[in-house]
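Model, not experiment: these values are computed from the prediction. Just so you know, these numbers use all the heavy atoms, side chains as well, and skip hydrogens, waters and symmetry mates.
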Amino acid sequence: MALDERLKHELERAGRPADPSGVYEDLIRRRERRRIVRKVESGVLALAVVAVSVAGVYGLSRVFGEDAERDAATPSVSNGEIVFSIPLEGEGEALMAVSPDGTGLRRLTPEGRADYRSPDVSPDGRTVVVVHSIPSFSDQAGVLATVPIEGGSPTWLTDEPAIVQDPAWSPDGTNIAFNGDVADGPFGLRVLDLDTDVAQLIRGTENMVTGDPTWSRDGRRIAFEAWDGTQPEQWDIYSVRLDGSDLTNLTNTPNESETWPAWSWTTDRIAFVRGVPRGFGVYTMAPDGSDQTLISDALPNLASPAWSPDGAAIALSADTGQVYTIPAGGGEPTAVAGALGEPAWATVPDDAPVVPTPTPRPTPTPTMSASPVGKDIGLGFPVCNVTSVRGDFAPGVDGKAYVATKAGDTECPDLGDGMQVLAVDVMGDGLADTSYGPLECEQWCTAYATPDVDGDGTDELLVQNVEFSIVGLKLFEVQLGDGGAALGPVTVAPPGSPREGFEPGAEPQLWLGGDAFDLDTLRCEDSPEGRVLVYTTATQDPPDSSDSVWRATATTFSLNADFTVSIVDVREFTEPVVPGPPSFQSGETLCGSNLGPSQA
């Protein structure tokens, strides 16, 4: 496939919201698929990963021989930590681990400006393979490296920087599949033999745009995402034998795209995401592509599913990177506090567990013993610049919502710097039960209000994301389920109202305030179908005249149960400008909530 075709494809897939602070870019650049565009721009690097030798020839026959015996993975029922990488203020991307319940957040990699991306945990649960890069490498280059699950310095598996992406362990732990190229070979899927240090191309994949390899449990096949270069652009999940034979399109949907496959060695099912560039649903299917079953479509921008070792749950990222877990049979998503990025789920070794087991959340203390700065709100790391608002996110429970900045190692970032997160205490114990982030803010974000938008007795959230002459607001929803609390931004359900700037699938940007001639307001109204939120924007015409009228547009939103709002009415009207507030003026409260944050 021509390089310009790869470049065009990746530019189209890399579309994302505006990001004035750069935080979203820092997080999303970890997603290896979206790095391909920069790798293609650089051309083929003059760097070698492997040396062709007699040992290399032996390695090829050993890895790709059809008659080679391969041990199937022995499933473990002991779920360990969720491993992920995250950009840190003033550093590179660090490797972190956290228990699935959000406790015990810890760092695995040394401090510094090195990057550790796209982790995958070995079958025995002891080692993490990553794409590792340091500042002296070219902007596109990296090496494959391993890091112990208990934490430590990286060990390089490849000697020279090159284009390497999406490493994945084989079930017997002897090989690692990855996406990339070498100086004397084309871009495609490769398998690195850890005994011989030979990385061999899987034939046929050099003719496709590929990514995210994942192994079958017997180690004889690899599933992966690919586009064959035909028009219109169409991504599907394929599987192939290691020698390149029996290449099979498993999804083959003419009007949909599927990406991010993950093969469970316990249940022998493949999880994947349907919908590109925005992930609309996570599905599972049998190894032959049959029995495609929707697991969840409750969150936007689903990506990077990873199976729990026992096969009972799936971890994935959504929207700007928050990690969630979902029961493999379907159910409500549960946010993993503190986890942001592409997840990998470790097993606990049966003979000598090295992964900390989940522990009860500690009672917050006035000072943090692990860090000289910041405040403990239950996220697993200290935070600064905390604003909060109280709300009833569970029936009859006085909870609190926080917007805060992740603390640095030695000091709090200045307001507007660093990574900001939203956290919610559902249970009223002063500690976060669910979180979301990083937030996209113009300069900074603050907690703003907790209106009960739909009148069901529990509160939603308004976060101020723009600080200007008027207040910019985004609406968030908290939902309770058997797995705990889920938190996420509300998006517009189809068909939306593009004329008013509310595109389907987008997060509605709301405004509040104005001046003598322009006014934006929010208020709640009760309708026969339930409580609705009315957003009005108005302008005096002509301005500063005794004959002025308000020319206004009122957009009415109804909150749904799936983290969306439907636009049920758009009404244009006029009314005379008279002394005192207009009929559509916001009150001092909104759906029973005071407006504006408090300091926490």
Side-chain angles (χ1 to χ4, degrees), residues 12-19 23-25 27-28 30-31 33-34 84 235 256-260 271-283 294-306 314-326 330-336 339-343 420-422 424 434-441 445 453-454 460-463 465 472-479 481 483 485-498 501-510 557-567:
E12 290 172 349
R13 295 191 75 195
R16 55 181 171 80
D19 179 25
V23 172
Y24 189 86
E25 171 63 24
L27 184 68
I28 293 302
R30 175 208 42 75
R31 294 186 179 177
R33 180 174 305 93
R34 296 182 179 183
F84 61 97
W235 282 78
E256 293 277 2
S257 282
E258 294 83 25
T259 53
W260 282 296
F272 63 94
V273 172
R274 175 161 282 152
V276 172
R278 298 175 66 87
F280 295 127
V282 59
Y283 292 71
L294 174 65
I295 301 302
S296 178
D297 58 0
L299 297 168
N301 293 336
L302 298 169
S304 306
I314 297 172
L316 46 76
S317 67
D319 204 45
T320 55
Q322 171 66 49
V323 175
Y324 294 81
T325 60
I326 300 175
E332 294 296 324
T334 300
V336 181
L340 303 168
E342 180 181 356
Q420 286 195 275
V421 297
L422 171 63
V424 177
T434 182
S435 62
Y436 175 89
L439 298 174
E440 293 182 60
C441 311
C445 285
V453 172
D454 54 4
E460 283 70 50
L461 284 166
L462 283 172
V463 172
N465 69 320
L473 300 170
K474 288 291 182 74
L475 181 63
F476 287 78
E477 168 76 306
V478 182
Q479 292 186 359
L487 170 65
V490 170
T491 59
V492 177
S497 181
F502 300 115
E503 297 284 350
E507 299 171 20
Q509 179 67 64
L510 305 175
F557 298 92
S558 177
L559 184 63
N560 303 317
D562 60 352
F563 287 84
T564 66
V565 286
S566 295
I567 297 178

Please check this pair: side chain of [X] against backbone of [Y], looking for a donor-acceptor N/O pair closer than 3.5 Å.
{"X": "Glu477", "Y": "Pro489", "answer": "no"}
{"X": "Ser304", "Y": "Glu342", "answer": "no"}
{"X": "Gln509", "Y": "Leu473", "answer": "yes"}

Identify the heavy atoms of [X] and [Y] that sit nearest to each other, and give their distance.
{"X": "Ile326", "Y": "Gly331", "answer": "CG2-O, 3.8 Å"}
{"X": "Pro498", "Y": "Pro504", "answer": "CG-CD, 4.5 Å"}
{"X": "Ala318", "Y": "Pro300", "answer": "CB-O, 3.5 Å"}
{"X": "Ala493", "Y": "Ser566", "answer": "CB-OG, 3.9 Å"}

Nearest 0.5 Å, please: how far is [atom2] in [Y] from [atom1] in [X]?
{"X": "Glu332", "Y": "Leu299", "atom1": "CD", "atom2": "CG", "answer": "9.0 Å"}
{"X": "Leu302", "Y": "Phe280", "atom1": "CG", "atom2": "CZ", "answer": "10.0 Å"}
{"X": "Cys441", "Y": "Gln420", "atom1": "SG", "atom2": "CD", "answer": "4.5 Å"}
{"X": "Leu462", "Y": "Leu475", "atom1": "CG", "atom2": "CG", "answer": "5.5 Å"}

State which residues pass side-chain contact (heavy atoms from CB on, under 4.5 Å) with Tyr283; sequence neighbours excluded, sorted by chain then number.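 Only Phe272, Arg274, Leu294 meet the side-chain contact (heavy atoms from CB on, under 4.5 Å) criterion with Tyr283.
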Would a line drawn from the ring center of Phe563 to the ring center of Phe476 be shorter than 6.0 Å? no
Min side-chain heavy-atom separation [X]-[Y] under 4.5 Å:
{"X": "Leu559", "Y": "Val490", "answer": "yes"}
{"X": "Leu487", "Y": "Leu461", "answer": "yes"}
{"X": "Thr325", "Y": "Val336", "answer": "yes"}
{"X": "Gln322", "Y": "Leu340", "answer": "yes"}
{"X": "Leu439", "Y": "Asn465", "answer": "no"}
{"X": "Val424", "Y": "Ser435", "answer": "no"}

Test Val323 against Leu316 for side-chain contact (heavy atoms from CB on, under 4.5 Å), laying out the working first. CA-CA 6 Å; Val323 175; Leu316 46 76; over 6 Å; no
Using the rule given for side-chain contact (heavy atoms from CB on, under 4.5 Å), can you reason through Thr434 versus Tyr324, listing the C-alpha separation, both sets of side-chain angles and the distance that settles it, and then say yes or no? CA-CA 10 Å; Thr434 182; Tyr324 294 81; 5.6 Å; no
Can you sort out the partners of Ser558 under side chain to side chain donor-acceptor pair (under 3.5 Å), two or more places apart, ordered by chain and number? none
Taken in chain and number order and not counting sequence neighbours, the residues that satisfy side chain to side chain donor-acceptor pair (under 3.5 Å) with Asp297 are none
